[in-house]
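In what follows, a structure is listed as structure tokens, so that the remarks can point back to it.
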Amino acid sequence: MSLLAVDVSQNGSIKNVDSSRSVVEMEEFDFSRLPDRLRTLNMERQRSFDERSLAEIPIGLSPHPPSRADNFNRVLDHLDSIFSPGRRSGFNTPSSNFVYEPHPMTAEAWETLRRSLVYFRGRPVGTIAALDSSEEKLNYDQVFVRDFVPSALAFLMNGEPEIVKNFILKTLRLQSWEKKIDRFQLGEGVMPASFKVLHDPARNTETLIADFGESAIGRVAPVDSGFWWIILLRAYTKSTGDSSLAEMHECQKGMRLILSLCLSEGFDTFPTLLCADGCCMIDRRMGVYGYPIEIQALFFMALRCALVLLKQDTQGKEFIERIIKRLHALSYHMRNYFWLDLKQLNDIYRYKTEEYSHTAVNKFNVMPDSLPEWVFDFMPIHGGYFIGNVGPSKMDFRWFCLGNCIAILSSLATPEQATAIMDLIESRWEELVGDMPLKVCYPAIENHEWRIVTGCDPKNTRWSYHNGGSWPVLLWLLTAACIKTGRPQIARRAIELAEARLSKDGWPEYYDGKLGRYIGKQARRYQTWSISGYLVAKMMLEDPSHLGMVAHEEDKQLKPVLKRSSSWTF
Ligand code: GLC
């Protein structure tokens with residue numbers, strides 16, 4: 001297949017379009033070729049980014065000394081050119097030859113994961129959300145797109161790509177359904193939040209039903225599903241080396257439909273995506289409406305994935321051009337306005353308000369009085385993070401785990417920012433990890449604020465569920481981020497904590513309490529993504545080459561890479 005090699009001029013336009021590289025070849029370094037001995041790479045610790053102003057950093061250029069992650073990536077890059085291609089990642093799990101001492105929990109986890117498989121007409125097409133028969137099912141008997149991602153990664157790492165391919169194709173078919181809520185028709189590209197196989201024993205038939213938000217609590221469409229779908233397609237392609245799935249006409253079209261939804265022109269003044277509350281992992285009202293970090297980070301990552309997956313045909317080219325422009329604008333916006341460290345916090349604390357015109361420093365007219373008390377104590381000297389939301393007169397300072405980890409993996413975070421996020425996690429270990437990894441967000445909202453923000457949601461009381469609850473599934477994202485930043489010891493500590501309880505407690509969906517010490521009030525047991533999240537974390541730590549499936553190097557697609565092709569122009 002022919003793909004587009006891009007050279008971006010300063011205003012973001014493509015100057016040269018020329019390459020005949022395949023999807024896999026086009027990718028940056030290939031972690032799958034990393035030898036075992038590199039697992040113990042011990043990178044020197046770097047100073048965090050806390051005292052630097054991001055506004056001074058040109059996009060894609062780092063004027064700072066190389067971070068440990070830079071070094072790590074450079075080594076990987078070097079190895080990429082030395083080791084022969086062709087080896088798949090995923091040979092270190094129970095069905096493989098790679099020998100390591102498995103934790104007794106991994107066997108149980110694999111067994112339970114396999115029991116959660118959902119079949120459609122004899123083929124595995126996904127995994128059920130939870131295998132808990134003691135609680136009311138609600139929609140936990142469905143295959144959720146976001147929940148399937150860690151399951152898919154576990155199967156890919158284990159050299160079992162078939163189920164992932166089936167899932168990608170099945171959900172693609174569902175995308176083409178006509179989607180309606182009452183009399184209103186949803187966008188063509190919307191991917192389902194979840195689907196279910198219906199068996200009719202009388203007729204001996206099986207049919208699928210899907211939920212695009214029309215049955216979901218709150219009736220919100222899952223903005224994250226389409227992004228996860230694209231991310232998974234790239235993970236499949238990267239892991240198997242098989243680009244034929246991504247090249248299929250249907251997959252190309254599916255991708256373009258998803259992209260059309262989020263790249264369309266409108267009234268936006270920001271490159272970020274405007275969303276309703278409850279449109280992502282946090283699928284209930286939790287005050288994340290506006291520009292939630294989770295969606296912005298997934299959006300960025302999906303754009304980067306699409307950039308290498310889209311074909312260079314007439315339609316593909318047009319999208320690639322739009323993607324590149326958006327990536328530039330989005331990374332600029334996020335790195336400048338969502339980033340918070342000690343210096344930035346101090347600047348906001350001293351902000352003037354009611355400024356007008358282009359010279360305004362306080363661009364969104366944020367009132368310093370709206371700064372919550374907790375953030376002053378929470379902010380370490382070394383460290384920083386992408387805050388939850390930024391909009392007109394609005395900054396949600398809460399820490400959200402998923403968005404920050406995805407920012408690291410997709411390289412939305414600069415290497416310095418990625419290091420700073422890891423520094424923050426280390427310095428605020430008790431708050432963010434506590435007894436059970438990992439807080440979905442921090443801190444919890446309570447009392448009057450909880451009433452106003454959640455609409456008195458009894459499931460989202462303080463330190464429970466989405467409101468400061470601890471979600472074991474997030475372990476895989478933390479582990480991936482740790483490996484990418486060259487700090488696997490942080491992941492090891494978190495995994496040990498999970499191993500002390502997860503299996504004994506029956507793999508709960510989430511934990512409650514400030515430290516995450518209690519099994520969640522309404523948590524399902526045998527929650528599949530708690531199980532697969534653990535497996536993925538373990539496998540990645542054992543074989544960091546798996547990281548390549550879900551990680552991107554800094555802005556490589558936006559910068560020409562000389563060694564890949566001699567036909568790029570500058
Ligand atoms: C809950 C979670 C959501 C997840 C679903 C199925 O609603 O908030 O993120 O997809 O359960 O596990």
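None of the values given here were measured: they were computed from a predicted structure. Both ligands and their constituent atoms are indexed starting at 1 by order of listing. Side chains included, hydrogens not; waters and symmetry mates left out as well; all remaining heavy atoms used. The chain is numbered in sequence order, starting from 1.
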Before signing off on this row, confirm whether His466 and ligand 1 have an N or O atom pair separated by under 3.5 Å. yes

- Determine the interplanar angle of the Tyr337 and Phe364 rings, folded into 0 to 90°, and report it as parallel if under 30°, tilted if 30 to 60°, perpendicular if over 60°. perpendicular

Note to self: Test salt bridge (Lys or Arg N to Asp or Glu O under 4.0 Å) on Glu160 and Arg114; report intermediate values, then the result.
What the structure shows: CA-CA 12 Å; Glu160 299 177 70; Arg114 291 199 192 284; 2.8 Å; yes

**Study point:** Heavy-atom neighbours of Gln185 CD exceed 12 at 6.0 Å
**Key:** yes

heavy-atom search around atom 9 (O) of ligand 1 in the protein gives Met281 O, 2.7 Å

Nearest non-hydrogen protein atom to atom 7 (O) of ligand 1, with distance, is Asp283 OD2, 2.7 Å

Closest heavy-atom approach to atom 4 (C) of ligand 1 among Leu138, Asn139, Val473, Asp147 is made by Asp147

Ligand 1 to Tyr140, heavy atom cutoff 4.0 Å, flagged ligand atoms 1 (C), 11 (O), 12 (O)

Between Gln527 and ligand 1, is there a nitrogen or oxygen pair with a distance under 3.5 Å?
yes

Counting heavy atoms under 4.0 Å, the part of Arg284 that contacts ligand 1 is neither

Checking heavy atoms under 4.0 Å, the part of Phe148 that sits near ligand 1 is neither

Please determine, by modelled atom types, if Lys484 and Ser411 share a side-chain donor-acceptor pair under 3.5 angstrom.
yes

Checklist entry - Is any NZ, NE, NH1 or NH2 atom of the basic residue among Glu426 and Arg493 found under 4.0 Å from an Asp or Glu carboxylate oxygen of the other? => result no

Taking only non-hydrogen atoms of Glu509 and a 4.0 Å limit, the atoms of ligand 1 in range are 1 (C), 11 (O)

For atom 1 (C) of ligand 1, the closest protein heavy atom turns out to be Tyr465 OH, 3.3 Å

Q.
Does this structure show an ion pair linking Asp141 with Lys196, if we count only N-O contacts that are shorter than 4.0 Å?
A. yes

Taken to the nearest 0.5 Å, the spacing of Ile425 CD1 from Cys401 SG works out to 6.5 Å

